Amino acid sequence: MDRHYNRGHFSSEGHQNRFKQERSSLKRGREHDRGNEINARRARPNECVSSLQTMSVLRQLYDRDFPVYKQPVEIGYFSLDSKRKFWNDARQLRYYVEPEKCPNFNLRDGYRDRFVKRDDSIKEKLDHILRWILANRHKVQSKNVTCPVGVDFVTWRGHLTKLLTTPYETQEGWLLAVSKLAGTLYISEVETEYACRNRDNRTERHEEMMYWGYKFEQYTCADEAQGCPDSGGVVNTNEAFCTVVQTRLAEHKLLFSGEVDCREADLQAPQAPACYIELKTSAEIHTPKQRSNFHRYKLLKWWAQSFLPGVPKIVAGFRDNDGQVVDVETFKTSQISQLIKTEYNCWKPTVCMNFCSDFLSFVRETVREDDPRTVYLFSWDPHKDVTFTIHRDSEYSFLPDWFVKEMTRPLCETPAPPRTCN
Ligand code: A3P
Ligand code: MG
């Protein structure tokens, strides 16, 4: 994307105000240097006068035609085992077993004695995706030597989900670290102070309720296509099966990975990702207000999460306050936007996708240094604009040496792809 395209695109659609130049704060010498950190609002040597400093999140700026979003294609997958070890295969993929309409599953069962919880203080950053890229270089390698991974962005699906829902988010902000390596931009989340505090101060009830979603998965998934769920087994949240998909949003080529709960048990079902199913739990709905909240807040997150990787079906277990599943409903991802249309002033998929696309343009405009040790930290808090700071050799660097070394090796030195395929 070049500047000319950018200008024409933005001005012709009248959205110049999405990216703002903070003229007053660009006055030289007002902010002091903070070691290696450079604040976005301070003019840097060689900085282009018209560089874009902040980005607005106002919904009305993104309410235009739906952007091009190519059907996501699965280019691979990987598994994480009970010890969180990476495997370049589908050993953790599970198969959906349809429950009864009112199954009375007890989601509290096993919380005390059959639960191994992943240590969520360990920040894995993009490491598993990077491992997958190295193990599958032949699948992602482009002929363009200046950009050996043939995409503009590499990230987790969950980070993109946060971007999609940003125009409607009023509670939680985010921090996204971005580094450019060999022409590709890598986006990795940094935990905010607010999220860290919430993680440390969860109530016992909240801790238990976080288990309920995984327990529902255990009741509805089998390890083999013809198998039965084992509700007496251990729930271990280290285990995961992740799809790796490639797609394009407007002019941005994306490669991202996301955890997949299960697939259709019928092996004749369409190819991945069309055979994948997302499992969810939610409080049962009794009142119109509860239904409206479900549409406004839950379905937005569910839609964004499944739409991105092209997962067509969401199976929801509605549970009472004691963790008993009293109703199971299936939602087609493609029909969610129709379902919510009756809500007054509700969220719009086009706003979500256009915001995400424009944020990625903003990142491309901003991140100029192709250096894995430089991190551009994009920051957003509810009711504010997106801003950024630049950090060199800081705690935010996230591309590991083992990855950088391999990716910067000349192509002729690249080892031949492994013969075995999964
Ligand atoms: P539910 O979404 O059914 O509550 P996912 O649905 O994304 O596959 O996540 C599986 C489960 O992980 C969730 O099931 C929930 O139990 C837990 N979980 C995921 N993200 C969470 C979050 N941000 N806060 C609390 N629990 C979370
Ligand atoms: Mg799920």
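Bear in mind that the values here come from a model prediction, so they are computed numbers and not experimental data. For reference, positions follow the sequence shown, starting with 1. What you see below is based on every heavy atom in this structure, not just the backbone, and it leaves out hydrogens, waters and symmetry mates. Counting starts at 1 for both ligands and their atoms, in listed order.
Checking V190, T192, T387 one by one against S379, the side-chain contact (heavy atoms from CB on, under 4.5 Å) holds for a single residue, T387. Tested against E169 for a salt bridge (charged side-chain N to carboxylate O under 4.0 Å, His left out), the candidates R59, K162, K301, K384 yield a single pass: K301.
Using a 3.5 Å distance cut-off with no hydrogens or angles, the side chains of S306 and E278 do not pair a donor with an acceptor. Inspection of the Q246 and K139 side chains reveals no N or O donor paired with an N or O acceptor under 3.5 Å. Between the side chains of H252 and S361, at least one donor N or O lies within less than 3.5 Å of an accepting N or O.
Distances shorter than 4.0 angstrom occur between a heavy atom of K280 and an atom of ligand 1. The closest approach between a heavy atom of W212 and any atom of ligand 1 is not below 4.0 Å.
Annotation: F359 is in aromatic contact with W174 [ring centroid separation under 6.0 Å]. The six-membered or imidazole ring of Y276 lies away from that of Y77, with a centre-to-centre distance of 6.0 Å or more. Between Y186 and F398, the distance separating the two ring centers is not shorter than 6.0 angstrom.
Not one N or O of Y211 is nearer than 3.5 Å to an N or O of ligand 1, by distance alone. In terms of polar-atom proximity, defined here as any N/O pair under 3.5 Å, Y214 does make such a contact with ligand 1. An N or O contact shorter than 3.5 Å is missing between M209 and ligand 1 by distance.
Residue T281 has at least one heavy-atom neighbour below 4.0 Å for each of these atoms of ligand 1: 1 (P), 3 (O), 4 (O). Close contacts of ligand 1 with D261, meaning ligand atoms under 4.0 Å from a residue heavy atom, involve 8 (O). Near E217, with a cut-off below 4.0 Å to any heavy atom, the atoms of ligand 1 are 8 (O), 10 (C). For ligand 1, the atoms lying closer than 4.0 Å to a non-hydrogen atom of E278 are 5 (P), 6 (O), 8 (O).
Under the 4.0 Å distance rule, the nearest protein heavy atom to atom 17 (C) of ligand 1 falls inside the cut-off. Inside a 4.0 Å radius of atom 20 (N) of ligand 1 there is not any protein heavy atom. Counting protein heavy atoms under 4.0 angstrom from atom 11 (C) of ligand 1 gives one or more. Within 4.0 Å of atom 14 (O) of ligand 1, at least one protein heavy atom is present. Protein heavy atoms are absent from the space less than 4.0 angstrom from atom 23 (N) of ligand 1.
The protein heavy atom nearest to atom 26 (N) of ligand 1 is M210 CG, 3.4 Å. Here the heavy atom of the protein found nearest to atom 7 (O) of ligand 1 is Q305 NE2, 2.9 Å.
Aromatic ring pairs are classed by plane angle as parallel below 30°, tilted from 30° to 60° and perpendicular above 60°; the pair F378 and F362 is perpendicular. Classified by interplanar angle (parallel below 30°, tilted 30° to 60°, perpendicular above 60°), the ring pair F294/W302 is perpendicular.
Cation-pi geometry between K215 and Y219 is met: the NZ or CZ atom falls under 6.0 Å from the ring centre, inside 45° of the normal. Because its NZ or CZ atom is both nearer than 6.0 Å to the ring centre of W87 and within 45° of the ring axis, K85 counts as a cation-pi partner of that residue.
The residue E259 has no part lying near ligand 1, judged by heavy-atom distances below 4.0 Å. Using a 4.0 Å cut-off between heavy atoms, L279 contacts ligand 1 through its backbone alone, with no side-chain atom that close.
For the Mg ion (ligand 2), the nearest N, O or S atom contributed by D261 is named OD2. The N, O or S atom of E278 with the smallest distance to the Mg ion (ligand 2) is OE2.
Electrostatic pairing of D371 and K180 does not count as a salt bridge here, judged by no charged N lying under 4.0 Å from a carboxylate O.
For residue L279, an N/O/S atom approaches the Mg ion (ligand 2) to within less than 2.8 Å.
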